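When reading the values below, keep in mind they use all heavy atoms of this one structure, side chains included, and skip hydrogens, waters and symmetry mates. Because the structure is predicted, anything quoted here is derived from the model rather than measured.
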Amino acid sequence: MSKSARKNHKLPGIAVGKAEERTTNRLTVTPRAKLSAAAGLLRAAGTLGENSAFGQKNEEVAAFTYHAPQNALDDLKLRLAQTRWPERETTNDWSEGVPLEKMHALIDYWQTGYDWRRCEMELNRFPQFRTKLDGLGIHFIHVRSKNPKALPIILTHGWPSTVLLFRDVIEPLTDPTAHGGKAEDAFDVVIPSLPGFAFSDKPAEPGWNAKRTAQAWATLMLRLGYKRYVGQGGDWGAFITTAMAQQRTPGLVAIHLNFPQVIPDHLPDKLSPDQQRAMEVLNRFRSEGSGYFTMQATRPQTIGYALMDSPAGQAAWIYDIYNAATGNIGDPEKAISRDKILDEITLYWLTGTAASSARFYYEQRALLGKSNNPGRVDLPVGVSLFPHDLPAPRSWAKEVYPNLFYWHELDQGGHFASLEKPELFVEELRTCFRKVRQTDHPEPIQ
């Protein structure tokens with residue numbers, strides 16, 4: 001391929017839309033007039049500048065929907081059919097990575113039985129928007145509750161997730177009476193896509209780490225008109241939510257984490273039993289399960305070439321995490337359905353975000369260095385611990401979270417709790433934040 005051809009080469013069919021829609025190089029933005037009534041589109045006041053990339057004004061919130069071009073889906077199936085397979089692993093487990101038999105089954109289903117349009121329809125049921133934050137176009141879901149006294153909450157995903165991580169909890173949170181809760185448990189829900197993930201823009205400069213993303217989230221909540229709200233996150237979402245609390249983001253009164261980071265940088269000479277167990281699990285992860293972490297934190301561009309070119313490679317890269325993060329049971333579909341796992345994998349593939357999402361690890365490594373936790377949080381903090389995630393000793397938690405007001409250790413679920421056990425996850429948020437609906441200063445637990 002010549003230089004000029006390479007310059008103009010694009011992934012097949014990424015820019016296809018209906019005649020009445022404005023299209024961009026990888027997504028479709030529907031005109032505000034078309035969805036404003038149905039989605040409750042917000043207009044931001046103030047001086048508006050122009051975003052040349054999307055014809056979008058700097059503080060404008062524009063309605064958004066996504067329809068994958070059919071030729072992109074056809075290209076995916078063709079690539080899957082032409083997969084070059086390695087030999088079988090020499091072990092009889094996942095210790096070398098995803099077993100060949102499991103990958104054959106996953107790819108066969110992805111090629112012949114999986115339906116992206118089903119996921120697309122589910123996603124497009126929710127009001128979605130894009131706005132420009134700190135120079136970057138950011139996508140987000142925004143669902144208002146029918147309850148005018150609903151508590152606003154911003155939910156932040158991590159890797160290898162997208163906003164799809166929370167799709168099973170949006171309706172129970174916003175409409176609790178229809179899902180076993182009480183009217184006073186209602187939330188307004190905001191779920192942004194991280195920079196470089198899914199439908200958000202890919203940063204073209206360094207520096208988009210948890211701290212900068214937290215500042216962008218603060219601007220988003222202000223732009224949406226929220227003066228008092230709470231935050232929640234797991235995985236990188238926990239780091240971003242923690243950074244929001246540390247920055248004393250205006251309006252943020254409390255946070256909830258399902259991936260708390262409490263291990264001190266300097267360990268005591270003698271560890272209690274829960275501390276000893278936490279360090280054993282962490283050290284085992286570092287020595288046996290962190291290959292993806294090291295690669296993405298040091299060479300995100302290099303791994304990006306392989307993952308962008310091979311859907312089977314992209315699938316294996318993410319599928320392996322679903323096994324490890326749900327308890328290493330050797331069958332991740334027992335925790336999360338095969339369709340939902342492939343929904344996430346397909347969204348990464350269609351949006352071409354393998355390298356840009358991996359780069360978040362690179363940015364966080366530069367930010368955190370060798371620290372074991374991101375630092376003290378003085379804002380009220382609630383924690384839910386799911387057993388198949390990395391453990392966090394409560395004996396260390398009070399040092400990092402002096403205003404810890406909620407702590408619950410569950411007996412089911414793992415790293416992707418909102419997908420694995422959505423009912424439990426919803427109940428955790430309801431119970432935790434009942435304590436802050438009436439006060440900004442819930443009583444710390446002992």
Side-chain angles (χ1 to χ4, degrees), residues 89 91 93-103 105-107 109-110 114 156-167 193-194 196-198 233-239 258-259 261 281-282 284-300 302-304 306-308 310-349 351 353-362 364-365 386-391 413-421 425:
E89 65 281 357
T91 59
D93 54 29
W94 288 64
S95 59
E96 294 182 12
V98 184
L100 183 61
E101 183 179 358
K102 294 291 291 184
M103 275 307 298
L106 184 70
I107 297 305
Y109 179 72
W110 198 11
Y114 173 77
T156 306
H157 67 84
W159 185 92
S161 299
T162 65
V163 294
L164 291 172
L165 176 69
F166 298 111
R167 62 182 174 181
S193 293
L194 267 62
F197 287 67
D235 196 81
W236 288 131
F239 286 78
N258 61 297
F259 192 60
Q261 302 300 302
V281 173
L282 178 61
R284 189 181 312 121
F285 167 75
R286 287 173 172 172
S287 64
E288 301 176 11
S290 62
Y292 76 94
F293 191 107
T294 301
M295 191 67 188
Q296 296 195 154
T298 60
R299 293 293 186 273
T302 298
I303 193 60
L307 303 183
M308 284 285 290
S310 170
Q314 175 73 90
W317 194 248
I318 291 179
Y319 189 49
D320 196 27
I321 306 301
Y322 277 103
N323 180 63
T326 55
N328 284 304
I329 56 177
D331 192 3
E333 290 92 335
K334 288 184 178 179
I336 303 172
S337 75
R338 181 168 53 180
D339 278 324
K340 287 182 178 178
I341 292 173
L342 282 172
D343 288 344
E344 293 281 25
I345 294 169
T346 306
L347 187 50
Y348 274 84
W349 176 260
T351 55
T353 46
S356 57
S357 61
R359 201 165 287 119
F360 201 89
Y361 283 74
Y362 185 85
Q364 278 299 102
R365 182 178 69 92
F386 293 86
H388 298 308
D389 212 343
L390 292 178
H415 192 68
F416 305 102
S418 57
L419 273 184
E420 298 172 61
K421 301 292 180 181
F425 184 84

Listed by chain and number, what are the salt bridge (Lys or Arg N to Asp or Glu O under 4.0 Å) partners of [X], not counting sequence neighbours?
{"X": "Arg338", "answer": "none"}
{"X": "Asp343", "answer": "Arg118, Arg167"}
{"X": "Lys340", "answer": "Asp168"}

For [X] versus [Y], what's the shortest heavy-atom pair and its separation?
{"X": "Val281", "Y": "Pro391", "value": "CG1-CD, 3.5 Å"}
{"X": "Gly414", "Y": "Phe386", "value": "O-CB, 3.7 Å"}
{"X": "Pro160", "Y": "Ile321", "value": "CD-CG2, 3.8 Å"}

Practice task
Check ring pair (Phe, Tyr, Trp, His ring centres under 6.0 Å) between Phe285 and all other residues, then give those that pass, not counting sequence neighbours.
Solution key: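 Listed in chain order: nothing, the list is empty.
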Practice task
List in chain and number order the residues that pass ring pair (Phe, Tyr, Trp, His ring centres under 6.0 Å) with Tyr362, two or more places apart in sequence or in another chain; answer none if no residue qualifies.
Solution key: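 Checked Tyr362 against ring pair (Phe, Tyr, Trp, His ring centres under 6.0 Å); zero matches.
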If you define the side chain from C-beta out and look only at heavy atoms, does anything of [X] sit under 4.5 Å from [Y]?
{"X": "Leu347", "Y": "Phe197", "answer": "no"}
{"X": "Met295", "Y": "Thr302", "answer": "yes"}
{"X": "Trp236", "Y": "Phe259", "answer": "no"}
{"X": "Lys102", "Y": "Tyr319", "answer": "yes"}
{"X": "Ser161", "Y": "Asp235", "answer": "no"}

Got a sec, which residues hit side-chain contact (heavy atoms from CB on, under 4.5 Å) with [X], two or more places apart in sequence or on another chain?
{"X": "Ala315", "result": "Met103, Leu106, Ile107, Trp110, Ile345"}
{"X": "Ser418", "result": "Leu165, Phe166, Val169, Phe425"}
{"X": "Glu89", "result": "Thr91, Glu96, Pro99, Leu100"}
{"X": "Asp320", "result": "Trp94, Val98"}

Problem - Residues in side-chain hydrogen bond (donor to acceptor under 3.5 Å, both in side chains) contact with Ser356, at least two apart in sequence or another chain - result: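 Listed in chain order: nothing, the list is empty.
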Problem - Set of side-chain hydrogen bond (donor to acceptor under 3.5 Å, both in side chains) partners for Ser193, sequence neighbours left out - result: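 By the side-chain hydrogen bond (donor to acceptor under 3.5 Å, both in side chains) rule, Ser193 matches His139.
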Report yes or no: does [X] contribute a side-chain atom to a donor-acceptor pair with the main-chain N or O of [Y] at less than 3.5 Å?
{"X": "Tyr322", "Y": "Asp331", "result": "no"}
{"X": "Ser310", "Y": "Ala306", "result": "no"}
{"X": "His157", "Y": "Leu194", "result": "yes"}

Handout entry: Matching residue for Trp159 among Tyr361, Phe416, Phe360, Phe293 - test: ring pair (Phe, Tyr, Trp, His ring centres under 6.0 Å)
Key =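 Among Tyr361, Phe416, Phe360, Phe293, the one that satisfies the ring pair (Phe, Tyr, Trp, His ring centres under 6.0 Å) with Trp159 is Tyr361.
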Practice task
Output the distance between atom CD1 (Ile318) and atom OG (Ser357), rounded to the nearest 0.5 Å.
Solution key: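 Taking CD1 in Ile318 and OG in Ser357, the distance rounds to 7.0 Å.
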Problem - Pairs satisfying salt bridge (Lys or Arg N to Asp or Glu O under 4.0 Å), at least one member in residues 284-293, at least two apart - result: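 Not a single pair qualifies under salt bridge (Lys or Arg N to Asp or Glu O under 4.0 Å).
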